[in-house]
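Hydrogens, waters and symmetry mates play no part in the numbers below; they use all other heavy atoms, side chains included.
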Amino acid sequence: MSVDGTVSIHVNGEHRRVRQGMTIADLASELGLVPEKVAVERNLEIVPRSTLSQVLVEDGDELEIVHFVGGGDHPVAGGGDVSAPVDEDSWTVAGQTFRSRLIVGTGKYKSFEQNAAALAASGAEIVTVAVRRVNVSDPKAPMLTDYIDPKKVTYLPNTAGCFTGEDAVRTLRLAREAGGWELVKLEVLGEARTLYPDMHETLRATEILAKEGFKPMVYCVDDPIAAKRLENAGAVAIMPLGAPIGSGLGIQNKVTIRLIVEGTKLPVLVDAGVGTASDAAVAMELGCTGVLMNTAIAEAGDPIMMADAMKRAVESGRLAYRAGRMGRRMYADPSSPLAGLI
């Protein structure tokens, strides 16, 4: 503490001097933040939101203040009624039931308004959100929660950008403190060029999160053996990539995706690589529970129209899977009867 009654701290990596005796809630308010809308980590330990008005800021503290931003992937989102009965083809993950089998991300849009409009057109009930530092230099900047209400749409906090299990676990602990969410999306990347998952770190983080009561939906390679290990480690959904994140290449390995579907009792959702509606339909025709996408919608020429197309593609692919595909034949088989031919 200095002679002027202040203490020296770091907030989101920025050095600040604040008055002695200030609580973390006081600090948040002074920064123009609403304590109820952020999560705080103090010296690598989560500070429960209920205690922010009691915990004093001390000299040398390292504080991380985070909130949710667009990143990535209820009926109200698609214009429906949250109280409407669940239809016969709903799906369930970690005890929560949904009708839409499309999950969308919240990154790369030109604006929050466009993001919200695309979400409505998609009919999705779940959105992925990234956990990022609050901009303490401009705390009044618009936030995702101002446009997409987490009380009406299920937020799925993810660990996009994490390259170690420790960073992923730390991020999701903050996410739980920020919004109470235990259903989360885990991804631990191996390197920046391909954004392929590091399965060793992913498996380790899955085990830690499951032991702490999280329900991780896990991004992984399209490997049925890896998928089974994740299931045994405590994952609640398997999310194999169809192709590299943001590539738009479509599903590259239909056989391995199908093997994953057949080999697990958990929901399987293709995550990454979808480029257009036909890619989404293919995923559903393989028997996947659903599809997660971000770039395919956000970078489309008309994101709102593409969101609607993706909604229809997922529904169409699911219907085709349920209907049962005709068998493949080596040779032609006439559809018109030959009896009575003139």
Side-chain angles (χ1 to χ4, degrees), residues 1-71 106-107 111-113 115-116 127-153 155-182 184 205 208-209 212-214:
M1 185 187 72
S2 66
V3 294
D4 62 356
T6 63
V7 295
S8 174
I9 63 172
H10 281 85
V11 182
N12 290 356
E14 298 181 10
H15 177 262
R16 289 176 176 268
R17 298 203 71 88
V18 299
R19 60 179 172 80
Q20 183 189 18
M22 173 179 284
T23 67
I24 294 179
D26 293 335
L27 174 63
S29 297
E30 187 172 280
L31 293 172
L33 305 172
V34 179
E36 292 76 18
K37 291 187 177 182
V38 299
V40 180
E41 180 188 74
R42 175 173 177 252
N43 304 326
L44 302 181
E45 295 289 337
I46 299 292
V47 181
R49 187 179 295 158
S50 60
T51 67
L52 293 181
S53 61
Q54 303 161 24
V55 178
L56 298 179
V57 177
E58 298 181 358
D59 194 56
D61 275 351
E62 298 277 349
L63 300 175
E64 292 285 348
I65 306 177
V66 306
H67 64 151
F68 293 118
V69 301
T106 49
S111 66
F112 286 133
E113 290 90 348
N115 190 171
V127 295
T128 59
V129 293
V131 183
R132 293 292 185 267
R133 287 173 166 175
V134 168
N135 182 357
V136 295
S137 299
D138 185 15
K140 297 188 182 301
M143 296 173 63
L144 182 68
T145 50
D146 296 330
Y147 295 84
I148 299 176
D149 189 348
K151 294 180 180 178
K152 297 179 179 179
V153 181
Y155 271 35
L156 186 65
N158 70 20
T159 57
C162 291
F163 289 85
T164 68
E166 285 82 1
D167 284 347
V169 170
R170 180 185 174 196
T171 296
L172 292 177
R173 286 169 178 161
L174 276 166
R176 179 159 62 182
E177 181 59 31
W181 290 280
E182 293 182 340
V184 296
I208 293 171
L209 291 169
E212 294 186 8
F214 285 94

Assign the ring pair His15 / His10 to parallel, tilted or perpendicular, where the plane angle (0 to 90°) is split at 30° and 60°. perpendicular
What closest approach, in Å, do [X] and [Y] show between heavy atoms, and which atom pair accounts for it?
| X | Y | result |
| --- | --- | --- |
| Asp59 | Ser8 | OD1-N, 2.7 Å |
| Tyr155 | Trp181 | O-CD1, 3.6 Å |
| Gly213 | Arg176 | C-NH1, 4.1 Å |
| Val40 | Leu174 | C-CD2, 3.9 Å |

Any chance you could measure [X], atom [atom1], to [Y], atom [atom2], to the nearest 0.5 Å?
| X | Y | atom1 | atom2 | answer |
| --- | --- | --- | --- | --- |
| Ile46 | Glu64 | CD1 | CD | 10.0 Å |
| Thr6 | Met22 | OG1 | CE | 10.5 Å |
| Tyr147 | Asn115 | OH | CG | 11.0 Å |

Would the distance check show the side chain of Asp26 and the main-chain N or O of Thr23 forming a donor-acceptor pair, the cut-off being under 3.5 Å? yes
Heavy-atom donor-acceptor pair, Thr159 side chain to Cys162 backbone, under 3.5 Å: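 Flag not set: sc Thr159 to bb Cys162 has no pair under 3.5 Å.
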Testing Ile24, Leu56, Asn43 for side-chain contact (heavy atoms from CB on, under 4.5 Å) with Asp61, which one passes?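 The single option meeting the side-chain contact (heavy atoms from CB on, under 4.5 Å) with Asp61 is Asn43.
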Within-4.5 Å side-chain heavy-atom neighbours: Leu156 and Val129: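 Leu156 vs Val129: side chains apart.
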Do Asp146 and Phe112 have side-chain heavy atoms sitting under 4.5 Å apart?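 In short, these two side chains do not touch, never coming nearer than 4.5 Å.
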Decide, yes or no, whether a salt bridge links Glu58 with Arg42 under the criterion of side-chain N to carboxylate O below 4.0 Å. yes
With Arg173, which residues qualify under salt bridge (charged side-chain N to carboxylate O under 4.0 Å, His left out), at least two apart?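 For Arg173 the salt bridge (charged side-chain N to carboxylate O under 4.0 Å, His left out) partners, ignoring immediate neighbours, are Glu212.
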